[in-house]
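Below is one structure, written out as structure tokens; the observations come after it.
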Number of protein chains: 2
Amino acid sequence: MATIRDVAARARVSTATVSAVVNDSAYVSPELRIRVLAAISELNYAPSQAARSLKRGRSQLLALVVADLANPFFARLVWAAEAAVAAWGYSLVLFNSDEKPENERRILARIRALSCDGIILVPVDVVSTQPQRDSEGEAIPTVLFGRTVEGQNTDTITIDNVAAARQVTNYLMDLGHTRIGTITGPLHLTTGRGRLEGMLEAMRARGLTPAPNHIRAGEFREDIAYSVARELLTQPEPPTAIYVANGVMALGVMRALADLGLKCPDDISIASTDTIPGIGGLRPRLTRTEHPVIDMTNEALRLLVDRINRGSRADARNIVFQPSLVVGESCAPYKS
Amino acid sequence: MATIRDVAARARVSTATVSAVVNDSAYVSPELRIRVLAAISELNYAPSQAARSLKRGRSQLLALVVADLANPFFARLVWAAEAAVAAWGYSLVLFNSDEKPENERRILARIRALSCDGIILVPVDVVSTQPQRDSEGEAIPTVLFGRTVEGQNTDTITIDNVAAARQVTNYLMDLGHTRIGTITGPLHLTTGRGRLEGMLEAMRARGLTPAPNHIRAGEFREDIAYSVARELLTQPEPPTAIYVANGVMALGVMRALADLGLKCPDDISIASTDTIPGIGGLRPRLTRTEHPVIDMTNEALRLLVDRINRGSRADARNIVFQPSLVVGESCAPYKS
DNA sequence: GAACAGCAGCTAACCGTTTTGCTAGCATTC
DNA sequence: GAATGCTAGCAAAACGGTTAGCTGCTGTTC
């Protein structure tokens, strides 16, 4: 397509003037402006982003690295992020680390090569929090999303996992349940660890302790939660209520119940932190916490764009969002 | 970060030699190669993608434009596409047109400015099929996904919508249903139109016609399908089976049933074309067609990369995938 | 009316690669 | 030993923008 030189020639001005018109970066007389704009539209000119990036050192690209694209929670994040990124005038480059540290490393190298202006990262690995350096040795502005890792000095957007688990557990205890089991996420993740801690803390506060074999790891995956739930419910003294650490796993648990012929909430109460969009239509409605993904995403972008524009001088900001408990019909009072 | 000049200086060679090593594009003696590689790793050098794009005219970026990111079908496409794009050595730039032609136009302009090497497009608008010209006036290689539009001359990947609807409808009729209703998608889309046609065709083949007020438009949206289903089922002579045109709407219909106190499949049979991943865990399992999104995505990328490398000489290829019927428990034989 | 300030618009250097000649050194051939 | 052929490696010219710095015109001031 046409270059800035073609436009300049056709409008009988210099390339500097065309650039000034395109970027509105200097005064141009109305007469010349009109000639330039006419030439632009006649030649169907659009500035080359590659040339711009090279000269400006900014690419107008923001990277989003999610840990598991197949998880509806992150799918929702992608949806919200695409809109927010576009609203700020950037384009979104999407990556999926699939919970694998080696993928994450490869992706971060790629992001650096693309000279993305900023990164929203759902971290898998501690390594990833070492800030990524750009072509001038500056750290690429990064916001960690949803999870954090030890000793980072980066902006973070998280949910209060401990509080979420506490709310759900308290709700189950308020219904009279004492034999509560849980299917947790991976404990090397802050989301997994925090949610387990919150549950244990809430029970401890009422003098309760879950049986060791009522605490199971579910990897945040539907299929694993399914088989773990089957095990959990077929043992001699099964729990009367299960707290499930995320929405995808809750779906797996529901499937296990159906296959075991158990009725929810009559035979067992189920509640979770986090949910799946669209699941709202199915019965019984799940009692769960809702996490404000859209607000969290918008805030992440505000932080990121702010850091891009202001430089990375400011101290890291850690913003914690509060979940809200939504009561469905998946829990019933304890009956002995 | 370090530039190719820094590397060249440190290895005491020219930039051309460094480039030759990095791209493996010319013979370099083992001795120099070692010096260059050492310098690269000492300086932690990575070539600037911006400079490369500018010089080569290729950006290693592929654009994916989906019509509705909130729809799980497209979320799945995004997931599959990210993996496939990475496997081919590209990065994925994601856009959501949100079913709005004006968004689509803005996005395509942006894609051109970014000089993306190829586009996978779920088209909303007829306009979008006019091929997008790149900086040399060449059409940017494009594959239309899922939907087509009149008179295009582009590669397409689609599902056989008519066959999908026919299969589902025949299944319902085989169970003895004759009063079959449907909730369709938007009829300006080939997916919406094709599925309605397939249903009508199948019924016509057995001498049946649906009552006009049993054919309703649901916009492929959960909430609309919910209210349309309520209307459909509360009229004097409701259908005994409903064919729903996609998975999201099927969820809305199920929600309507629950709220109306109707039992599926005892009171009414439900079946759909297309489904939602993860819904498999819920009861009753939906009778529906499954669409091979992953295969379709991989094929789309094969086509796209092929066209990028070979140039756009070849004729447009239109590949149609076949859906498969998966029988759940959401349909029962007709009882008068 | 000379000196000068202000400013619209231009020229040209630069961003970091790739790639096209070209050079120089060596081996081969008669 | 001169002519020739080969080829490893180099210098320099793009690619298409942005922008610092300059030019030359107009208008103001004493």
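Only this structure's heavy atoms are used, side chains among them; waters, hydrogens and symmetry mates stay out. Fair warning: this is a prediction, and the values are worked out from it, not measured in the lab. In what follows, chains carry the letters A, B, and so on, assigned in the order in which the sequence lines appear, proteins first and then strands, with residues in each chain numbered from 1.
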Exercise. Sequence neighbours excluded, which residues qualify as side-chain contact (heavy atoms from CB on, under 4.5 Å) partners of R317(A)?
Worked result: D155(A), L303(A), D306(A), R307(A)
Exercise. Which residues satisfy the salt bridge (charged side-chain N to carboxylate O under 4.0 Å, His left out) test with R110(B), sequence neighbours excluded?
Worked result: none
Seminar exercise, completed: Taken to the nearest whole Å, CZ/R56(A) to P/dT19(D) is 6 Å
Seminar exercise, completed: Across all chains, not counting sequence neighbours, the salt bridge (charged side-chain N to carboxylate O under 4.0 Å, His left out) partners of K100(B) are D98(B)
Exercise. Would you say the side chain of L114(A) lies within less than 4.5 Å of the side chain of S53(A), judging by non-hydrogen atoms?
Worked result: no
For this session: State, to the nearest 10°, the angle formed by the axis through the first five base pairs of the helix from dG1(C)-dC30(D) to dC30(C)-dG1(D) and the axis through its last five.
Result: 60°
Problem set entry | Protein-nucleotide distance (Y45(A), atom OH; dG16(D), atom C1'), rounded to Å | 7 Å
Seminar exercise, completed: D6(A) CG to dC15(D) P, in whole Å, measures 11 Å
For this session: Please identify each residue that fulfils side-chain contact (heavy atoms from CB on, under 4.5 Å) with A83(B), with sequence neighbours left out.
Result: none
Problem set entry | nucleotides 8-13 of chain D: protein proximity per nucleotide (B base, S sugar-phosphate only, - neither; heavy atom, under 4.0 Å) | SSBBB-
For this session: Measure from CZ on R35(A) to C1' on dA8(C) and round the result to the nearest Å.
Result: 13 Å
Problem set entry | side-chain N/O R52(A) vs dG17(D) OP1/OP2, d < 4.0 Å | no
For this session: Only pairs at least two apart or in different chains count here, so list each side-chain hydrogen bond (donor to acceptor under 3.5 Å, both in side chains) that has a residue in residues 11-24 of chain A.
Result: S14(A)-T17(A), S19(A)-N23(A), N23(A)-R52(A), N23(A)-R56(A)
Exercise. To the nearest Å, how far apart are R58(B) CZ and dG16(D) P?
Worked result: 15 Å
Exercise. Of the nucleotides dT18(C), dT17(C), dT19(D), which one has an atom closest to the side chain of S19(A)?
Worked result: dT19(D)
Below 3.5 Å, can you tabulate the donor-acceptor pairs from side chains in residues 64-75 of chain A to any protein atom, sequence neighbours excluded?
from   : atom 1 : to     : atom 2 : distance (Å)
D68(A) : OD1    : A70(A) : N      : 3.1
N71(A) : OD1    : F73(A) : N      : 2.8

Exercise. Rounded to the nearest Å, what distance is computed from the CD1 atom of residue I40(B) to the P atom of nucleotide dT17(C)?
Worked result: 10 Å
Exercise. Taking atom P of dG9(C) as reference, at what distance in whole Å does atom CD of E31(A) sit?
Worked result: 8 Å
Exercise. Roughly how many Å is it from CG in L54(A) to P in dA13(C), rounded to a whole number?
Worked result: 17 Å
Problem set entry | Separation of H291(A) NE2 from I159(A) CD1 (nearest 0.5 Å) | 5.0 Å
For this session: Tell me, please, which residues at least two apart from E82(B) pass salt bridge (charged side-chain N to carboxylate O under 4.0 Å, His left out).
Result: none
